[in-house]
Asker: 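One structure coming up, written as structure tokens, with questions to follow.
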Amino acid sequence: MSNYYDIDDILTEEEFVPVVYQKAINGVKIDESTEKGYVEQGSKTELPFWLARELHMRQAVSISVPACFNQKTRLEIQADAACVDLRSRCQYFYEFGCKLAPLCDKTIGLLLSYAFRIRYKEVLHKAHSTAFAAASKFLTLLTKEETYLYEAAQSSMAAFKKWRTGGPRLQRASILGRKRKPAE
Amino acid sequence: MAGQSDSMMSLFSPEEIEFMAEDELVEIVPNLRMDSLNFLCGDYGPFYPQLAAQVPLWLALALKKRGNAQLGLLNGCQLVLEAERDFHAFQPLPFHYVEISRLIFDHAREDIPDMYMVRSLIEDIRDVRFHKVETNLEKFTASTVTAQGDTDNRDILVYLLALANVWKNMSAMEVNIIRAFSGRALQAFYKHDNEQQTSDTDRTLDKQPQIPTDRPKIEKCISAVVNDGPAVSAMLIKHTNYKLYDGQGRGPPGCPTSTNRAYLLKSIQLAWNQNLGPGMWMGIESILNNSVIRSPDQPPPPPPPRARGKQGFQRCSRVKAEDQELVEKRGLRNDRDLSSAKHY
């Protein structure tokens, strides 16, 4: 439970997944507009992942593949992974996929590692060479994890460049800059 | 402190790397007579006019600023650049060449013949090398992932060594630039690869009951290696280029470097055998800590305190600050000495 307080981990589990109820459940409303106070067997809805997982463990629901891992996305990733806008599909594409893979579709794992391998190269080239302004368009395609990766590279490169071009060698304490009150 | 890195990250800022580079020994030609200086980090001197002496870079620069010494220096940048362009691997350069060259260009530019030429050559070398770093980063995913493929215990050693081989002769600053990035990337690669593998084992589970016994241990271990992968391998390589003895003094003095390297690997393997999993990492740490590591031409122990991690760095910086104070005091006295020397 090392990442129990990790905000990204929490947000990942907030993602919705489509589920199908395997049992009829009393006292639950999927939809506020319905009159019925229970859920029938076989009805479909979307639940946040943390809830769906717990219910799945009790065999109350079965999880189906969410939209961000559907066939269309897969084809796009196979065509050119680097240009797919993963951020708009799911900000936590990789983490979510990792959590989801054992529960619904094992092939997600393959998809993730394939996508990451291709996209990693793109991030690598852009992060160490391009100026920030030029890369901003590219940045909008990245998921959270890739953005962290990009920022890590960018910041250490920026720190190095700053060091190389120099700048003040001695830093002045802020208190020294103040003017004294003129003595009357 | 000025230029200190973010305390939350376990990374060094370029300023800190520069600080560590100041401990490298350089040759100076003093133009004054001075008794030997006894510092916490070692004894240097005595100094005689026109006789070359070995001192740490920070001391050399301090003397240079006072006009008391000349730096006797590196040449052959052209050759290195050509070699760097021609060969695929990194050429052996001083571990801190980026920082040292910068410090010298800043403070002792008149000591270098055709300074502008040398400066542009070093810039070129750095660019060529960084290009290599990028191509390596592109490749290391493929190689490391296959090395990680089987989570057999021994393979982690193989993995570590594979990393060390690819990244041989990298310099401190180059490692530092890619450190955060490569750490994160490797972690992600490992995660996805492992994910895939668990699903594979799930499938094969029906055929043969295969129990992943100490998977968490291994995972933790790999993540430790992965966290400082290139940095660690660079460190390993750097240390093994020195003479290395183990704690019991079994390493014969004066044995060639290759034997020492084999020796280090053997020790890692032993540590690995003795306590599986996270213990291995501690094992490497303790080997590097306990063994007496010194460069061939240095006098025997006490070894200078090497900066190891954040804590070691802080300790070192304290030691150095005290030494610098000593120089200041000493310097004041030496002014008087100098004036009397002039009369003489």
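So you know, we letter chains A, B, ... as the sequences are listed, proteins then strands, and number each from 1.
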Asker: Within a strict 4.5 Å, meaning less than it, do heavy atoms of the I17(B) and W163(A) side chains meet?
Answerer: no
Asker: Checking heavy atoms, do the side chain of E174(B), its backbone, both or neither come under 4.5 Å from chain A?
Answerer: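 Contact with chain A involves no heavy atom of E174(B) at all.
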Asker: Of the non-hydrogen atoms in A185(B) and L149(A), which two are nearest, and what is the gap between them?
Answerer: N-CD1, 3.4 Å
Asker: Between A152(A) and A180(B), what is the shortest heavy-atom contact and its length?
Answerer: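 Smallest interatomic distance, heavy atoms only, reads CB-CB, 3.8 Å.
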Asker: I'd like to check F181(B) versus L124(A) (side-chain heavy atoms, cut-off strictly below 4.5 Å). Are they in contact?
Answerer: yes
Asker: I want to check something: taking the side chain as every heavy atom from C-beta on, are R164(A) and R126(B) in contact at a cut-off of under 4.5 Å?
Answerer: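 With C-beta onward as the side chain, the pair touches.
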